[in-house]
K.L.:
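Have a look at the structure that comes next, please.
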There are 2 protein chains.
Amino acid sequence: MAQVTSYDVATRAGVSQSAVSRAFSENGKVSAATRARILEAARELGYQPNLLARSLITGRTNMVAVLASQTTGRYYPEVVQYLADALDRGGKKMLLFFTDGRIERVDEVLNEVSRFQVDGIITSTQFAPDRRELIRGLKTPMVLFNRQDPVDEFKSVTCDQNRGAAALTSALLNAGRRRIAILGGSPDNYVARHRLYGSIDALGSAHVGTVDGDFSYECGIARARELWALQPDAIMCMNDSMAMGVMDGLSDLGVQTPTDVWVTGFDGTASGRLKRYDLTTLIQPLDDMVSLTCSALDALMNGADCTSQVLQGQLHVGRSAPL
Amino acid sequence: MAQVTSYDVATRAGVSQSAVSRAFSENGKVSAATRARILEAARELGYQPNLLARSLITGRTNMVAVLASQTTGRYYPEVVQYLADALDRGGKKMLLFFTDGRIERVDEVLNEVSRFQVDGIITSTQFAPDRRELIRGLKTPMVLFNRQDPVDEFKSVTCDQNRGAAALTSALLNAGRRRIAILGGSPDNYVARHRLYGSIDALGSAHVGTVDGDFSYECGIARARELWALQPDAIMCMNDSMAMGVMDGLSDLGVQTPTDVWVTGFDGTASGRLKRYDLTTLIQPLDDMVSLTCSALDALMNGADCTSQVLQGQLHVGRSAPL
DNA sequence: TTCTCCATTGCATTCGGATGCACTCGGTTC
DNA sequence: GAACCGAGTGCATCCGAATGCAATGGAGAA
């Protein structure tokens, strides 16, 4: 306790509390001499302004809430890291909330978020349409990350999952693949659904079947036999982790990639680039997505408008499907 | 704006502001009837208590700062995820700070941390001895994660790097390996140093040389030739990512693992368990480390004492070094 | 020299909620 | 019937910093 306050600094520097306050804000009107004296006194006392007290007046906390759902994939931890970094560059700190996927948690989390008075929200968590009113009520700027609002009331930055899946698919078709199986992600996951739709639409009659998955490496291994039973010449996995799992599951069955069957992933994670997997995959432009998300949020926080952005992923050809 | 305050709720419920405040705290003295009336009014208005205003009085923010340094490895993102989850269970939120490793950033970050009035700090970032006074001045409970304070003034939860390295080493020696090379991590990194010392001490004359690394997969690939030139029968890499890199770099030279040489990692990351690498490694008990860290911090935040904990890693034998 | 004008500075108030203290009132206890 | 008790409630104040407004004083203009 015994927190050092602006009054302590004021006393020490022989000025008033308001002078101290002004010395610590860019546009505060103080003479250079007093400011120097105040900063010196502050240094001696180890004073740091209390941002919470400040925010009570200014209405700004410099905190941004990031809502992420725990996932089995290797993608989100990367996203969190990138976001924290990008926010930091904008002088914001990241307050992290995990929604464990259960829908009822979303309400709870949103209430918590609002209690912390964050300046903005970045969410990669799904919310049901009837939460719309609740979110609107928060009056906190929000940007969806790789999720879209059907009516675009809440702006978003996404990687075009449909088109990415379609691009990957046509590349396979152009390379002569005709029997293509799919390993899907959890059906309640936004990106999983859109990747799946995009693939199926583009595949047409080349689609020999879909097997359900959960985005994990282990599930890729477990589903390999079932996929192989469909006699595919290529297997499209809806994320990288599962693709690696499928490759390994197939190996156990004596089936080699790419000799016997091609395998593709989706995401462009670091693990997918490991030489022993070297996945053909669709790379989501994480860097751009993150910086666009932050600038969109910045715009909203400054009362400006912003539009939803849809970025295109980049096809990466590895040895798992040598297009 | 137009924030809903406790006064609004009070007016609507026909009570005083203090009654509202009491209705929202467990041990507030209010009759069941009034509380119900207040909660109802609050619900209608969409009121959520302002935690920042509250913290101004109570001195508690329910926020814990986590300081992490950006690293090239795959380990930290996992740690952050685990920590956020564990903190959440204790009703705390995680405010994330990245120190990009540069020492001068540490001061800056610590000052920022103190401005946010967090209840506690968990750090996996190194700080120089002369920062001790600065941190003491914050008076904020702090627990070091996988870092140790030489004089144990600041408590820590660590995995015994020395002993883990020694265990890994003796296992190799017992299995008959006699020419062991080491791929080290960045020398300014705490865990890298201790793993290295532990290994070298235990190796004795079986040590045929050390090559410097930076914890990244790419560096593992790049250093493979140099390591192989030492004519080792086993290569100990100071983390999993580098071990995978070394295996791949050796493959490119026509050297196979484990036939021609054994390779070991350190950490026990998810990627290390991928079947095509299947690393022999030392698994750090992440779950336990995280929960001990949180309970230690809890103790400190409640004014209690706590002692530093040193956990032992677990040797995991994979095919990269079939002990 | 006297009057403006502007740059500094201090005073008082405010943000939203917690809390010590005093007060009310229905129910006990002699 | 008087003194007492305690649960429920409101009043006033406080936490730490920001800010509108008024006061001060020195420089420059007339």
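Throughout, a chain's letter reflects where its sequence line sits, starting with A, and its residues are numbered from 1.
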K.L.:
Do any side-chain nitrogens or oxygens of A:Ser6 fall under 4.0 Å of OP1 or OP2 in D:dG16?
P.N.:
no

K.L.:
For the side-chain contact (heavy atoms from CB on, under 4.5 Å) test, which of A:Leu144, A:Val106, A:Val66 pairs with A:Thr125?
P.N.:
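When side-chain contact (heavy atoms from CB on, under 4.5 Å) is applied between A:Thr125 and each of A:Leu144, A:Val106, A:Val66, only A:Val106 qualifies.
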
K.L.:
Side chains of B:Gln309 and B:Asp288: any donor to acceptor distance under 3.5 Å?
P.N.:
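No, no side-chain donor-acceptor contact under 3.5 Å.
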
K.L.:
Should B:Tyr47 be listed as having a side-chain N or O under 4.0 Å from OP1 or OP2 of C:dG17?
P.N.:
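For B:Tyr47, the contact criterion (side-chain N or O under 4.0 Å from OP1 or OP2 of C:dG17) is met.
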
K.L.:
If you look at every strand shown and take non-hydrogen atoms under 4.0 Å, does B:Val20 touch a base, only sugar-phosphate, or nothing?
P.N.:
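Counting heavy atoms under 4.0 Å across all strands, no contact is made by B:Val20.
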
K.L.:
Looking only at side-chain atoms of A:Val15, point me to the closest of D:dA7, D:dA17, C:dG10.
P.N.:
C:dG10

K.L.:
Measure CZ/A:Arg35 against P/C:dG10 and give the value in whole Å, please.
P.N.:
14 Å

K.L.:
Let me know the distance between OH of B:Tyr7 and P of D:dG10, rounded to the nearest Å.
P.N.:
13 Å

K.L.:
Kindly say whether, by distance alone, the side chain of A:Ser16 makes a donor-acceptor pair under 3.5 Å with the base of C:dC11?
P.N.:
no

K.L.:
Return the 5'-most residue of the pair B:Leu56, B:Thr34 with respect to DNA chain D, ranking by each residue's nearest nucleotide.
P.N.:
B:Thr34

K.L.:
Does the pair B:Arg132/B:Asp149 count as a salt bridge with the N-to-O cut at 4.0 Å?
P.N.:
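B:Asp149 and B:Arg132: salt-bridged.
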
K.L.:
Please state how far atom NZ in A:Lys29 lies from atom C1' in D:dA23, giving the value in whole angstrom units.
P.N.:
15 Å

K.L.:
Can a side-chain donor-acceptor contact be found between A:Gln3 and A:Asp8 if the only test is distance below 3.5 angstrom?
P.N.:
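Not at all, the side chains of A:Asp8 and A:Gln3 share no donor-acceptor pair under 3.5 Å.
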
K.L.:
When the distance from CD1 of B:Ile57 to C1' of C:dA18 is rounded to whole Å, what number comes out?
P.N.:
5 Å

K.L.:
Among the candidates D:dT9, C:dG17, C:dT14, find the nucleotide nearest to the side-chain atoms of B:Ser31.
P.N.:
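When the side chain of B:Ser31 is considered, D:dT9 is the closest of D:dT9, C:dG17, C:dT14.
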
K.L.:
Give the rounded distance in Å between these two atoms: CG of B:Asn50 and P of C:dA18.
P.N.:
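Nearest whole value for this atom pair: 9 Å.
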
K.L.:
Does B:Ser18 get its side chain close enough to the base of D:dC11, under 3.5 Å, for a donor-acceptor pair?
P.N.:
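Present.
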
K.L.:
At less than 3.5 Å, do the side-chain atoms of B:Arg22 and the base atoms of D:dG10 form a donor-acceptor pair?
P.N.:
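Per atom types, the contact qualifies.
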
K.L.:
Of all the nucleotides listed (D:dA17, C:dG10, D:dG16), which has the minimum atom distance to the side chain of A:Gln17?
P.N.:
D:dA17

K.L.:
Rounded to whole Å, how long is the line connecting atom CZ of B:Phe24 with atom P of C:dT19?
P.N.:
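It works out to 15 Å between those atoms.
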
K.L.:
Which residue in the set A:Leu138, A:Leu95, A:Asn62 passes side-chain contact (heavy atoms from CB on, under 4.5 Å) when paired with A:Val118?
P.N.:
A:Leu95

K.L.:
Does OP1 or OP2 of D:dA17 have a side-chain N or O of A:Ser21 closer than 4.0 Å?
P.N.:
no

K.L.:
Starting from P on D:dC14, measure out to CD on A:Gln3 and report it in whole angstrom.
P.N.:
18 Å

K.L.:
Starting at CG of B:Leu52 and ending at P of D:dA17, how long is that distance when rounded to a whole Å?
P.N.:
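These atoms are roughly 14 Å apart.
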
K.L.:
Where each residue is assigned the nucleotide of DNA chain D containing its nearest heavy atom, which of A:Thr5 and B:Arg37 is assigned the position nearer the 5′ end?
P.N.:
B:Arg37

